[in-house]
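Sequence lines set the chain letters: A, B, ... in the order given, protein chains first and strands last, and positions in each chain run from 1.
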Protein chains: 2
Amino acid sequence: MRPNKRDELVRKALEIFYRDGFNATGMDRLVVETGVSKTSMYKHFRTKEDLILAALRLRDENFRNSLFRECEGRADTPEGQILAMFDVLADWFAQDGFRGCMFIKASAEFQDKAHPINAQAAEHKRLLLGWLTGLAQQAGFAAPEQLAMQMLLLKEGAIVAAAMLGAEGPAREAKDAARLLLDHAPRSG
Amino acid sequence: MRPNKRDELVRKALEIFYRDGFNATGMDRLVVETGVSKTSMYKHFRTKEDLILAALRLRDENFRNSLFRECEGRADTPEGQILAMFDVLADWFAQDGFRGCMFIKASAEFQDKAHPINAQAAEHKRLLLGWLTGLAQQAGFAAPEQLAMQMLLLKEGAIVAAAMLGAEGPAREAKDAARLLLDHAPRSG
DNA sequence: CTCATGGTGTACCGATCTGTAAACTTACCT
DNA sequence: AGGTAAGTTTACAGATCGGTACACCATGAG
C-alpha cells in the first residue's frame, strides 16, 4: 500500500469525477480506468464516499494554491490581485477540459447539508471567501466582508454562466463589473 | 391516459427531482411516491429522460412566469424590475424548500452539451438573459447585453452562494452590487 | 526452506437500476 | 350484455450499483 499509489488513485478519480459526475461514475469504471483491482481500491478507500472526499480535498488544494499563486504573480497590490482573479478565471474557462466548478457540482449531487461531501464543498467556498475578505481588508476597503461576497458572487456566477452559456461573455463581464464595484467601494479612513 | 394525470406526475416528479437529484432518484421511488404503477409511468413517459425533460419544462414555465410577474408587481420601470429581481430571489432563498437552481443542478449531472437535458437547462438561462437584455434596452442603457450578463452573473452567483453558504449575505450583496452597477452604467443618448 | 505478511485478481453478494411482458380490472359505448 | 380500450398488478429481464470473501502470489525474516 505505497502512499504514492494512493495519491495516483485520487488524481485519476478526481479527473473522472470532474468529467463524468459523482453518481454517474461507478466504482467499476474507476477500477478499470485506474488499472487497479477492486480489492486494492477498497483497501485504500473504505467507501466510495471516502474516495470522493479525498478527490475533493485534492481539488481544493490544487485549485486554491494555483489561484492564489497566479493572482500573486499577476498583481502586487491586494486590489490588483482581486481583479487578477477574473483573468485567471477567463484562462480557466478557455481550457479544453473546463466543466464548471467541481464543488458546485458536488453540492448539487449531495444536497443534504449534513452530508460530509456537501460540508466539504461548502468549506471550499468559505475558504475562498475568507481569502477575498483578507485581500479586501489589506486593500483598505471600509466593508471588506461585503465586497468579498460581491466578488464571490461574480466569480460563482461567471463559472456557472461560462459552463452553461459559453466562456467569453461571462469572463469579460465579471471582470468589468468587479472593476466598477472596486472603483466605487468606500475606503476606510 | 387522462392528460391531467400526466401533469400531476410531472409536478410530483419535479418536486422529488428538485429535492433529491436526478441520478439519485430511481423510477421505482417515483412510482411509489406518485402512487402510480410502473407500467403507467412508462406509458406516459417513454424513458426517464423524457420525464426529466418534462419536469424541467414545467419548472422553466413556473419559474419564469412567477419571476416576471413578481418583478412587474414590485416595480413599474424596467430598471426597477431588474432590481426587484434580487428581492424576489431573497424571498426564494428564505423559503424552507430552497435547494438552489434546478437547471444548474441538471447541467451539473448531465454535463455533455449534446445531451438534451443539458441543452434544455442552458436554454432556460438564455431565456432569462434575453429577458434581462430586454429590460436593459427599455431602460435605455447603452450596452444592454453587457449589463444583462452582469445581472445574470450576480443572480447565478447569489443562488449558488445562498445554497452553499446561507441565504442572507448573498441576497443582500447581490442587490447592492446590482444597484451600484445600474447606477453607474452609461445611458444611450 | 518455511512461514508470515501485504497486495492482488477473480468471482461473487444482495440491492437497485431502467425498462418490459402479459394477464387482469375497470369504465365507458353501443 | 358485449366489446373495446385504458390502466392496473405482478413478475421479471439484464445491467450495474457499492462492497466483500477468498484464494493466490510476491517478498523478506528466521
Taking the side chain of B:T39 as heavy atoms from C-beta outward, which of C:dT18, C:dT8, C:dA22 is closest to it?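 Between C:dT18, C:dT8, C:dA22, the one nearest the side chain of B:T39 would be C:dA22.
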
Given D:dG18, C:dT18, D:dT9, which nucleotide is nearest the side-chain atoms of A:Y42?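 The nucleotide sitting nearest to the side chain is D:dG18.
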
Spacing between [X] atom [atom1] and [N] atom [atom2], to the nearest angstrom:
{"X": "B:K48", "N": "D:dA15", "atom1": "NZ", "atom2": "C1'", "value": "15 Å"}
{"X": "A:E49", "N": "D:dC17", "atom1": "CD", "atom2": "P", "value": "18 Å"}
{"X": "B:D28", "N": "D:dC12", "atom1": "CG", "atom2": "P", "value": "15 Å"}
{"X": "B:L30", "N": "C:dT18", "atom1": "CG", "atom2": "P", "value": "8 Å"}
{"X": "A:D20", "N": "D:dC17", "atom1": "CG", "atom2": "C1'", "value": "16 Å"}
{"X": "A:M27", "N": "D:dT20", "atom1": "CE", "atom2": "C1'", "value": "12 Å"}
{"X": "A:F22", "N": "D:dG18", "atom1": "CZ", "atom2": "P", "value": "13 Å"}
{"X": "B:N23", "N": "D:dT16", "atom1": "CG", "atom2": "P", "value": "15 Å"}

Return the 5'-most residue of the pair B:M41, A:K38 with respect to DNA chain D, ranking by each residue's nearest nucleotide.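 The residue closer to the strand's 5' end, by nearest nucleotide, is B:M41.
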
Please give me the minimum heavy-atom distance between B:W92 and B:C101, naming the atom from each residue.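 Looking at all heavy atoms of both residues, the shortest contact is CH2-CA, 4.2 Å.
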
Side-chain contact, heavy-atom cut-off 4.5 Å: B:K105 with A:Q111?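 In contact.
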
Say you draw a straight line from OG1 of A:T133 to CD of A:Q138; how long is it, rounded to the nearest 0.5 Å?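 Reported to 0.5 Å precision, the distance equals 11.0 Å.
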
Under 4.0 Å between a side-chain N or O of A:S37 and OP1 or OP2 of C:dG9?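 Yes, such a contact exists.
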
Between B:K155 (side chain only) and B:M85 (backbone N and O only), is there a donor and an acceptor less than 3.5 Å apart?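 No, B:K155 side chain to B:M85 backbone: no donor-acceptor pair under 3.5 Å.
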
